[in-house]
Amino acid sequence: MGALANPGLPGSLSFDTVIYASAGSNYGGVPALSQYTIYDTPDPAYVTPRINISVFANLGIGAPWPFPNTSVPLNGHVCIPRGRGPFPLAVFAHGNHDPLSNSTPGYLYLCSLLASQGIVAATIDVNFLNGGNFGENDARGIVHLEHVKQFRTWNSTATHPLHGKIDLNRILIVGHSRGGEGVGHASFFNPLPAIKPDIFSPTVPLDGSAGLGPYRFALKCIAAIAPTDRQYTPITGPTVVPDSYFLIHGSRDGDVSTFEGYNTFNRAHAVDLANPTVSDGKLKALLWVLGANHNQFNSTWPIFDPSPATTMPRADQEQVAKVALGALAQALLLDRVEYMDVLRDHATAVAWMPAGATFVSQYQDPERVYLQHEQEAVAPPQISLPVQGTAAADAVTATRVLKDLVNSFAPITTITLRLEWNAPGARLLLQVSPVTLPAERYKVLALRVGQSTEPKNAPNRDQDFTIEVSSGSRTASFPGSSVHRLIYPDVVFGAGKIVMQTLRLPIASLVERGVDPNDIRSVEFLFDRRSSGTLYVGDVQVSN
């Protein structure tokens, strides 16, 4: 691991945990809400205002909330590092659960970790939206932004304990389940002066004139844990997250079993067909955790999902969350760029993860040039402009398809290349006009590949193939398995999900094998390691 320390272990800083809340909530007057009485007596310095979310949502049924949706509280727990700061800010939000059970403390294990590493970290109360409610995830996004706004207010108030202690240029917002969808909406709402939530609602100012906003926060990243998708859809269409995006999800999720966040991930920072070489400057990464379930990312939620015998133990799942989100925070909030390697490739973190745990990871860098992005049309495969060349299949069926890779039952707009072969020696050859890959700018040739449960793949066996990269007369060959496993999908509820693994071939490795990075002529998929198979390819790109 070199100089990298485990980002899932506590840092050296002491911290204080404070409860903040709106005055007069009177949870104590409602016996059924006994878990919320901690918010009846917030720290005197941390009393918050109330907000009106009535245009966005009704309160969830199942609990006798002592306030209406025109006056919901801003309650939460915040872990504050001791010291002058300024410290970055991370704000966590839970998802839907029994409204009589307070879900908010369930991320204190992550907040305390980040606080010990020098980050102000809060977990917020959105329980009043829980229970019999649907389509309320726009409200979750607004509540999340209002909590961030409250921290900005405290940071600018000369008499407040948090005055000057928060670095407002380094903000991470994290959501779980419906809260994971909500942070995507928060990212979308963040720069807007106003929003019309749906065709039946009035336009709501988000500039502070009617109480909500203004926002325009410097959101370094949006992190979603097992999120839903499209439970709320803006009138402009499904939310496209404009900020850097990180996604983590378990293969044994019995609640959001459809892995809907994969659709959110695909929409984020997709190729612009009109300007395919132009990047929006944002990254995206995901971690697929074999055996992890839905509830155990929240330390207070019961297991709920598939039986403990087939599910990762809670302590192990929390360890995965600590390492993944700790690395994300180290890299993007604390500018420890060496931790970007964990986002780029989960193998970097294997020594810190539970023994024997299996993962699939994807990473897309802001710096990238596509050789193939597949998004031109459902048509034969081709080299993507502005790169020139041809794609030729030999004894392999190469078809671009609109396929629901994860059984999300959502409309699919992302095109994937399907490759099927029946005998060894089949190949897909991508021939390009000589391409220059300056080593000072690009570090890897990256491709996303995953196998399915279709009959050509042997059950419970890794798939494999050879990648060949040529420049003139010199060719470098790499077994895919030398870079990463292409695992057989975890079959749950009778179905397996095709979650593609990013294979990253260092340009330096090509040079070591005699390939000239300033004269790349072809990239070939050679199916010589398994007698038959079916693979899905997302894209082939030069990247960092």
Side-chain angles (χ1 to χ4, degrees), residues 262-263 266-267 269-278 362 364 368-406 410-435 437 445-457 463-471 475 477-478 480 486 498-503 505 520-543:
Y262 209 24
N263 296 319
N266 284 333
R267 291 196 302 270
H269 318 303
V271 61
D272 181 350
L273 293 177
N275 299 285
T277 63
V278 175
Q362 292 183 31
Q364 180 175 281
R368 59 188 183 270
V369 173
Y370 293 99
L371 302 185
Q372 272 193 317
H373 56 63
E374 314 298 353
Q375 303 311 304
E376 291 90 354
V378 178
Q382 65 187 76
I383 302 301
S384 294
L385 295 174
V387 179
Q388 301 290 322
T390 60
D394 179 10
V396 61
T397 302
T399 311
R400 295 201 297 194
V401 295
L402 285 170
K403 180 175 175 60
D404 188 348
L405 299 177
V406 295
I412 303 302
T413 57
T414 301
I415 303 170
T416 308
L417 177 62
R418 182 182 184 273
L419 302 175
E420 181 176 294
W421 68 100
N422 298 308
R427 64 186 65 217
L428 175 69
L429 179 63
L430 308 180
Q431 290 185 304
V432 296
S433 298
V435 173
L437 308 180
L445 175 68
L447 52 149
R448 291 188 301 141
V449 189
Q451 71 159 312
S452 68
T453 58
E454 292 167 81
K456 299 295 182 184
N457 293 323
Q463 188 52 265
D464 204 1
F465 69 105
T466 296
I467 307 162
E468 294 191 343
V469 184
S470 297
S471 66
T475 297
S477 296
F478 303 82
L486 299 180
I498 307 169
V499 183
M500 292 179 283
Q501 170 65 51
T502 297
L503 303 181
L505 297 175
I520 299 297
R521 304 292 183 92
S522 68
V523 177
E524 184 174 281
F525 292 44
L526 175 60
F527 303 105
D528 59 344
R529 307 187 71 83
R530 299 285 186 268
S531 60
S532 65
T534 304
L535 288 177
Y536 287 81
V537 181
D539 49 55
V540 181
Q541 57 181 262
V542 181
S543 180

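Since we're looking at a predicted model, the values are computed, not measured.
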- Query: So how far is it from Thr534 OG1 to Asn422 CG, rounded to the nearest 0.5 Å?
  - Reply: 8.0 Å
- Query: Side-chain contact, heavy-atom cut-off 4.5 Å: Ile520 with Val542?
  - Reply: no
- Query: Relative to each other, are the rings of Tyr370 and His373 parallel, tilted or perpendicular (30° and 60° limits)?
  - Reply: perpendicular
- Sort out for me which residue in Glu376, Gln541, Gln372 forms a side-chain hydrogen bond (donor to acceptor under 3.5 Å, both in side chains) with Ser384. Glu376
- For the residue pair Gln431 and Ser522, confirm or rule out a side-chain donor-acceptor distance under 3.5 Å. no
- Would you call Arg400 and Leu417 a side-chain contact if the rule is heavy atoms closer than 4.5 Å? yes
- Message: Side chains of Ile467 and Leu447, heavy atoms from C-beta outward: is any pair under 4.5 Å?
- Response: yes
- Residues Leu486 and Leu503: closest non-hydrogen pair is CD2-CD2, 4.3 Å
- Kindly indicate whether the side chain of Gln375, heavy atoms from C-beta on, has any atom under 4.5 Å from the side chain of Thr414. yes
- Task: Could you check if a side-chain atom of Asn263 sits within less than 4.5 angstrom of a side-chain atom of Ile412, using non-hydrogen atoms only?
- Result: yes
- Message: Within this structure, what is the CZ-CH2 distance for the pair Arg427 and Trp421, rounded to the nearest 0.5 Å?
- Response: 13.5 Å
- Here the gap from Thr466 atom OG1 to Phe525 atom CZ, rounded to the nearest 0.5 Å, amounts to 11.5 Å
- Message: Could you check whether any side-chain heavy atom of Arg521 comes within less than 4.5 Å of a side-chain heavy atom of Pro434, counting everything from C-beta outward?
- Response: yes
- Euclidean distance, Glu468 CD relative to Leu526 CG, rounded to 0.5 Å: 5.0 Å
- Query: How about Glu454 and Arg418: do any of their side-chain heavy atoms sit closer than 4.5 Å?
  - Reply: yes
- Query: Hey, does Ile498 have a side-chain heavy atom less than 4.5 Å from the side chain of Lys403?
  - Reply: yes
- Task: Using a strict cut-off of less than 4.0 Å between a Lys/Arg side-chain nitrogen and an Asp/Glu carboxylate oxygen, indicate whether Arg448 and Glu374 qualify as a salt bridge.
- Result: no
- Query: How far does CG of Leu385 sit from CG of Asn275, to the nearest 0.5 angstrom?
  - Reply: 12.0 Å
- Message: In terms of relative ring orientation, are Phe527 and Phe465 parallel, tilted or perpendicular, with 30° and 60° separating the classes?
- Response: tilted
- Donor on one side chain, acceptor on other, Ser543 and Gln364, under 3.5 Å: no
- Task: Over all heavy atoms of both residues, which pair between Leu419 and Ala398 is shortest? Give the atoms and the distance, please.
- Result: CD2-CB, 3.6 Å
- Item | Audit row: Val387, Val432, side chain to side chain contact (heavy atoms under 4.5 Å, CB included) steps and yes/no | CA-CA 7 Å; Val387 179; Val432 296; 3.9 Å; yes
